[in-house]
There are 2 protein chains.
Amino acid sequence: MAMDRDQVLRDAAALLSRKSTATMDEVARAAGIGRATLHRHFAGRDALVRALEDLGIREFEVAFDNARLDEGTAVEALRRLVAEAEPNAELLAFLVTENQLFEGDEVNEGWARLDARVIALFRRGQEEGDIRIDLSPAWLTEALYGLIGSCAWAVMDGRVAAKDFQYMITELLLGGARRSVEK
Amino acid sequence: MAMDRDQVLRDAAALLSRKSTATMDEVARAAGIGRATLHRHFAGRDALVRALEDLGIREFEVAFDNARLDEGTAVEALRRLVAEAEPNAELLAFLVTENQLFEGDEVNEGWARLDARVIALFRRGQEEGDIRIDLSPAWLTEALYGLIGSCAWAVMDGRVAAKDFQYMITELLLGGARRSVEK
DNA sequence: CCCGATTGAGACACCCACGTCTCATTCTGC
DNA sequence: GCAGAATGAGACGTGGGTGTCTCAATCGGG
């Protein structure tokens with residue numbers, strides 16, 4: 001069984017999303033490889049987490065590109081963004097909670113770049129009159145991440161059907177829970 | 001310096017919300033007591049986390065009571081709920097992520113009771129026509145927890161002003177990010 | 001004021017995960 | 001088929017956190 005670095009990272013992400021305290025041995029078995037091999041490719045647990053960060057950043061850079069955030073209205077772009085992010089939602093959930101631990105350190109510049117793109121998207125929506133201006137782009141970005149993570153967990157626990165993932169997030173984030181009069 | 005069990009728990013919650021991997025020694029120092037004393041009152045780390053769960057459940061039972069979830073419209077009740085939950089938002093953020101680790105075990109019945117109350121609130125709102133019926137109460141409940149946690153973290157990191165806590169959560173959850181026509 | 005209870009500081013052993021290493025086996029390219 | 005590389009399984013030492021214990025100091029009620 002050849003060692004596929006990216007596949008190992010994906011398996012690790014899938015496990016660590018559910019159990020962030022998983023052992024290196026558990027990660028290795030989840031990836032179907034030996035613990036020694038895991039250590040050969042990732043110097044240690046920190047290196048593994050960093051590699052997961054890099055993977056996540058790469059994946060979301062691609063997802064953002066595919067979502068064509070600059071095209072159409074911001075609302076349309078946001079729907080595409082959630083759709084593109086879905087395959088990596090668990091990874092996002094893991095990385096968001098993991099990033100809480102690096103409070104003091106400087107934030108990874110890759111994350112800053114991604115954040116900036118989402119913030120710019122919300123700001124564009126505000127300037128075009130489609131997004132409320134009383135909710136800051138920074139908060140909307142945080143909320144987007146939070147909702148994606150929450151929904152990913154809810155799907156994992158069976159509280160939300162996987163097929164409803166995009167709908168639940170985009171509808172709640174964009175339209176809110178309140179039943180508006182015009183509907 | 002007398003040992004105030006509840007105060008120790010609150011200090012522990014404040015620290016663990018930010019750094020979930022904090023040492024028992026760090027927790028003890030954060031609470032201003034010795035590690036030995038901490039161990040005298042909480043058999044171990046697991047016992048401490050359980051005590052935090054109990055504290056959280058107690059706090060939110062009270063918060064829910066104070067919010068009078070059965071009075072007025074569901075929307076009004078939800079606003080009161082967020083207001084009452086704010087002082088314990090960090091604790092909620094910690095417990096929600098911590099609960100992810102107990103996937104296999106049976107969920108704490110206290111949480112189930114709280115969940116049921118929130119779900120019932122959303123369901124009531126749906127029945128009264130104030131809440132959309134295409135978003136399941138279970139998802140709305142998860143989203144509420146997620147947004148509270150996300151906002152609590154955003155406040156801790158300075159990305160959201162503490163004074164905007166209630167507004168950001170209730171407005172986004174109820175009204176959504178989209179700028180509606182009637183406004 | 002005194003005596004019991006509680007606390008803080010430290011010492012101690014224990015345990016688990018980590019990281020490294022070895023070695024036989026398997027895989028892969030030539 | 002062969003030689004080199006890569007892998008899996010396991011052994012091994014280490015470190016850091018945990019849990020327990022002791023003992024002196026402090027606190028608090030009678």
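Side chains included, hydrogens not; waters and symmetry mates left out as well; all remaining heavy atoms used. Chain identifiers are assigned alphabetically (A, B, ...) following the order of the sequence lines, protein sequences preceding nucleic acid strands; residue numbering begins at 1 within each chain.
Not a single side chain to side chain donor-acceptor pair (under 3.5 Å) links B:Arg50 to another residue, sequence neighbours left out. Scored by the salt bridge (charged side-chain N to carboxylate O under 4.0 Å, His left out) test, B:Arg79 finds B:Glu171 as partners (sequence neighbours excluded). Scored by the side chain to side chain contact (heavy atoms under 4.5 Å, CB included) test, A:Ile133 finds A:Gln126 as partners (sequence neighbours excluded). Shown here are the side chain to side chain donor-acceptor pair (under 3.5 Å) partners of B:Thr23, two or more places apart in sequence or in another chain: B:Glu26.
A straight line from CG of A:Leu48 to P of C:dA17 spans 16 Å, rounded to a whole angstrom. In this structure, CG of A:Leu38 is placed 13 Å from C1' of C:dA17, rounded to the nearest angstrom.
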Spell out protein contact along nucleotides 10-21 of chain D as letters: B when the base is contacted, S when just the sugar-phosphate is, - when no protein heavy atom is under 4.0 Å; keep the 5' to 3' order. -B-----SBBBB
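Rounded to 10°, the helix from C:dC1-D:dG30 to C:dC30-D:dG1 has 40° between the axis fitted to its first five pairs and the one fitted to its last five.
Residue B:His41 places at least one side-chain N or O closer than 4.0 Å to OP1 or OP2 of C:dT7.
Between B:Glu127 and B:Arg123, none of the side-chain N atoms (NZ, or NE/NH1/NH2) sits under 4.0 Å from a carboxylate O, so this pair counts as no salt bridge. With respect to B:Arg10 and B:Asp6, a salt bridge is recorded, a charged nitrogen being found less than 4.0 Å from a carboxylate O. In summary, B:Arg117 and B:Asp65 engage in a salt bridge, as defined by a charged side-chain N under 4.0 Å from a carboxylate O.
Using a 3.5 Å distance cut-off with no hydrogens or angles, the side chains of A:Asp115 and A:Tyr145 do pair a donor with an acceptor.
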